[in-house]
> 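Encoded as structure tokens, here's the structure I'll be asking about.
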2 protein chains.
Amino acid sequence: MTRNVSIGDVAKRAGVSIATVSRIVNGIAKKASPETVERVRKAIAETGYRPTGAGQALRKGHSRLVAVFAANLANPTMAAVAASIETALRDAGLAMVLCDTHDRADLQDEYLLEMRAQAVRAYVLLAAVASDGLRAALTGPIPTVFVNRRCPIPGKAAFVGIDNRAAGREVARALAQAVPKGRLALVHGPLSSSATADRVAGFKRELAKLGRELAPEDMATAPGVDHLEIGYEGASALLSGRAPKGIFCASDLIAYGVQRRLREADLSVPRDVRLIGFDDNPLNDWVAPWLASVRVPYRGFGEAIVGVLGELWRGESPRAELLAYEFVGRGA
Amino acid sequence: MTRNVSIGDVAKRAGVSIATVSRIVNGIAKKASPETVERVRKAIAETGYRPTGAGQALRKGHSRLVAVFAANLANPTMAAVAASIETALRDAGLAMVLCDTHDRADLQDEYLLEMRAQAVRAYVLLAAVASDGLRAALTGPIPTVFVNRRCPIPGKAAFVGIDNRAAGREVARALAQAVPKGRLALVHGPLSSSATADRVAGFKRELAKLGRELAPEDMATAPGVDHLEIGYEGASALLSGRAPKGIFCASDLIAYGVQRRLREADLSVPRDVRLIGFDDNPLNDWVAPWLASVRVPYRGFGEAIVGVLGELWRGESPRAELLAYEFVGRGA
DNA sequence: ACTGCATGGGTAAACGTTTTCCCATTTCGA
DNA sequence: TCGAAATGGGAAAACGTTTACCCATGCAGT
């Protein structure tokens with residue numbers, strides 16, 4: 001219906017050139033008398049003018065969009081991080097394009113191309129997967145920051161997350177202490193994720209140091225992207241022998257799956273088996289008060305990510321920002 | 001570094017004009033000899049050309065973006081719907097800009113304006129809130145579809161969701177049957193959401209019909225956006241009297257909150273109290289096997305929404321698409 | 001031989017910005 | 001009083017597309 005108001009309309013109404021309007025909108029304050037500024041501001045307010053993204057993007061070479069890639073939006077932690085990023089981006093005057101890669105390289109590559117065509121200002125990769133497209137993107141001009149899962153391709157890349165290895169060690173100490181004697185075990189997802197791999201490595205290493213090294217049959221995993229199923233399958237594998245007294249689950253969802261399997265085997269958590277998860281899903285306090293976990297400050301990820309992005313936009317070199325995590329004891 | 005390849009580069013390489021390339025890319029097949037098409041296709045493949053969004057948006061007046069507004073991304077059902085929309089949009093060659101309005105009118109308005117400036121092809125409002133900006137948007141040229149929560153402003157607007165009133169009635173019958181005698185109760189969030197209001201209305205109406213009308217003290221609510229807290233507070237209110245035997249919680253998260261409060265009062269679900277939630281969070285089977293619920297086919301929302309959007313883009317008039325829900329008995 | 005009409009494809013305008021020049025006027029220092 | 005510099009602001013190009021319009025050429029029908 002009503003055509004969008006353009007910078008020309010504002011200029012006409014204020015009786016100045018569009019160049020002047022543009023300068024004032026963009027805060028190039030050097031060149032404009034206070035009266036002119038006032039007139040233009042008035043015209044903008046009256047017309048409700050707002051610069052059109054397409055025009056800006058065309059001229060400047062980049063839009064006000066940031067592409068966020070998530071491996072699996074159904075995963076609550078991914079959704080939480082996405083929400084946090086969204087808020088932080090908005091505070092920075094940017095908008096989020098959210099892409100679900102389903103952990104598939106082909107989809108990720110397609111999205112990388114499409115988002116480049118959209119002239120996004122940055123890529124934010126939530127659990128990236130290695131792919132040719134990613135390799136290409138890393139040499140391209142679009143700043144990229146990896147979140148949670150480190151860049152699966154060698155080279156220096158910006159990262160925001162926690163020290164998963166140290167957290168894994170802390171879990172090991174907590175579990176060993178909570179279960180002074182008896183079989184300990186581990187259930188985890190694919191190790192292609194650096195987050196998982198680091199947690200597992202730290203956990204195993206520390207456990208060995210404590211003299212409670214895990215045997216191969218104490219470690220279970222399963223393929224797939226659904227951590228609930230992974231947990232269920234992993235627990236099934238563990239239960240072929242004598243039930244473990246303590247299990248580290250590399251994510252809370254895995255722990256939920258494990259607990260279901262244990263429940264079906266008439267084992268009670270935490271009475272019969274201690275469980276420690278990871279991520280500390282906000283629902284834990286409500287529906288899983290038996291689950292100890294590691295709280296990752298997902299709410300703060302957005303701010304950290306936008307901070308790192310700011311550095312990249314200013315031309316600084318990529319760095320890793322590690323946030324503080326916290327072990328949450330539950331089910332004591 | 002490497003400048004993006006533009007349509008001109010392709011044209012030069014294929015030895016044709018950019019108009020020809022554009023026509024071929026856009027499938028205007030009438031005007032191009034097979035050999036020319038072949039040459040251009042080859043040039044496109046070699047250069048990896050892909051039309052730039054900004055150019056298209058500028059020329060056509062709209063981008064390949066669709067704006068999705070969610071009231072609260074931390075809510076798993078919102079996230080699930082968003083994920084579903086994302087997939088459906090991708091299949092249609094579109095991308096999703098996700099905006100978290102935090103259920104605030106001012107943020108929603110700001111986003112409506114900003115997304116209009118981004119020339120989005122549509123608004124998808126997940127739990128919209130009434131506001132001046134929304135009123136203005138509805139008279140504007142951008143197709144709008146409401147999801148889950150109906151348009152809070154009178155007038156005809158496209159809608160995708162379920163028949164919440166009928167579902168509420170079904171819950172009433174199920175609860176009355178599961179708890180043949182004893183006090184029944186209801187905990188719900190703000191009634192400004194049509195989804196909540198309809199569920200509650202259907203539930204109360206049917207209960208009255210069954211001769212088990214709710215007294216005022218059997219209905220509890222609490223302000224705020226966090227359903228967990230609402231459930232907890234609501235349950236506290238209910239517990240001032242004799243504990244109810246069955247409670248309908250207008251969402252699963254509310255049910256989680258209620259259950260926690262009951263647990264703290266040493267009441268067991270479902271032994272002491274039957275609980276029925278709504279939405280059927282996928283986690284229920286894993287961590288809340290005591291919670292009956294109404295399964296809303298959120299996975300299918302995306303497809304339905306994109307279908308409705310297609311109609312709107314073709315100029316058809318807005319309609320409401322109601323999807324099938326299903327009562328899920330648990331904790332019997 | 002001329003008209004009429006497909007067929008294939010090129011020219012150029014338009015979309016809305018930003019930004020580089022450029023110009024006019026004023027101010028200031030000597 | 002003259003030149004230099006500062007101040008305020010305009011003209012126009014460029015970004016990448018799409019599309020309305022135009023122009024050849026070839027061919028069939030008269």
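Labels below follow one simple rule: chain letters A, B, ... track the order of the sequence lines, proteins then strands, and each chain is numbered from 1.
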> Taking only distance into account, with no hydrogens and no angle test, what donor-acceptor pairs under 3.5 Å do side-chain atoms of residues 299-311 of chain B form with protein atoms, sequence neighbours excluded?
from: B:E311; atom 1: OE1; to: B:R319; atom 2: NE; distance (Å): 2.8
from: B:E311; atom 1: OE2; to: B:R319; atom 2: NE; distance (Å): 3.1
from: B:E311; atom 1: OE2; to: B:R319; atom 2: NH2; distance (Å): 2.9

> Roughly how far, to the nearest 0.5 Å, is CZ of A:R50 from CG of B:L113?
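Rounded to the nearest 0.5 Å, the CG-CZ separation comes to 4.5 Å.
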
> With a 3.5 Å cut-off and just heavy-atom distances, do the side chain of A:R23 and the base of D:dG10 make a donor-acceptor pair?
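Looking at the base of D:dG10, it does pair with a donor or acceptor on the side chain of A:R23 (distance under 3.5 Å).
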
> Nearest of C:dT11, D:dT17, D:dG8 to any side-chain atom of B:I7?
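Among the listed nucleotides, the one closest to the side chain of B:I7 is D:dT17.
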
> Looking only at side chains, do B:S194 and B:R149 share a donor and an acceptor under 3.5 Å apart?
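On atom types as modelled, these side chains do not qualify, holding no pair under 3.5 Å.
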
> OP1 or OP2 of D:dG10 less than 4.0 angstrom from a side-chain nitrogen or oxygen of A:T20, does that happen here?
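Yes, such a contact exists.
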
> Closest nucleotide of DNA chain C for B:G55 versus for B:G15: which of these residues is on the 5' side?
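Looking at DNA chain C, the more 5' nearest nucleotide goes with B:G15.
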
> Can you measure B:K12 atom NZ to D:dG16 atom C1' for me and round it to whole angstrom units?
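For the pair B:K12 NZ and D:dG16 C1', the rounded distance is 14 Å.
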
> Whole-Å distance between D:dG16 P and B:N26 CG?
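After rounding, the gap between these two atoms is 17 Å.
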
> Which nucleotide wins on minimum distance to the side chain of B:L58, given the candidates C:dT11, D:dG16, D:dT18?
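In terms of side-chain proximity for B:L58, the closest of C:dT11, D:dG16, D:dT18 is D:dG16.
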
> Within the 4.0 Å heavy-atom criterion, would you say A:S33 contacts the bases, only the backbone, or no part of the nucleic acid?
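A:S33: backbone/sugar contact only, no base atoms under 4.0 Å.
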
> Does A:R59 get its side chain close enough to the base of C:dT18, under 3.5 Å, for a donor-acceptor pair?
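Flag set: donor-acceptor pair detected.
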
> Can A:K12 and A:D9 be counted as an ion pair, charged N to O under 4.0 angstrom?
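Looking at A:D9 together with A:K12, the answer is no, because their closest N to O distance does not fall below 4.0 Å.
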
> Which residue in the set B:F146, B:F69, B:Y111 passes ring-ring contact (aromatic ring centres under 6.0 Å, His included) when paired with B:Y123?
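Option passing the ring-ring contact (aromatic ring centres under 6.0 Å, His included) with B:Y123: B:F69.
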
> Could you go through the side-chain contact (heavy atoms from CB on, under 4.5 Å) check for A:C99 and A:V68 one step at a time?
CA-CA 6 Å; A:C99 309; A:V68 174; over 6 Å; no

> Using a heavy-atom cut-off of 4.0 Å across all strands, would you classify A:A54 as base, sugar-phosphate, or nothing?
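Contact class for A:A54: none.
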
> Heavy atoms under 4.0 Å, any strand shown: does B:A32 hit a base, just sugar-phosphate, or nothing?
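If one applies the 4.0 Å heavy-atom cut-off, B:A32 turns out to touch the sugar-phosphate alone, with no base involved.
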
> Could you check whether A:S22 gets within reach of a base, just the sugar-phosphate, or nothing at all, counting any heavy atom under 4.0 Å?
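Touches a base.
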
> Starting the side chain at C-beta, find the nucleotide from D:dT17, D:dT18, C:dT11 nearest to B:S17.
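Out of D:dT17, D:dT18, C:dT11, the nucleotide with an atom closest to B:S17's side chain is C:dT11.
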
> To the nearest angstrom, how far is A:I18 atom CD1 from C:dC15 atom C1'?
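Checked: the CD1 to C1' distance equals 12 Å.
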
> Could you work out how much the helix from C:dA1-D:dT30 to C:dA30-D:dT1 bends, comparing the axis of its first five pairs with that of its last five, to 10°?
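Taking the rotation axis at each end, their angle is 50°.
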
> Mind checking whether A:P152 and A:L134 have side chains closer than 4.5 Å, heavy atoms only?
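Yes; the side chains approach each other to less than 4.5 Å.
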
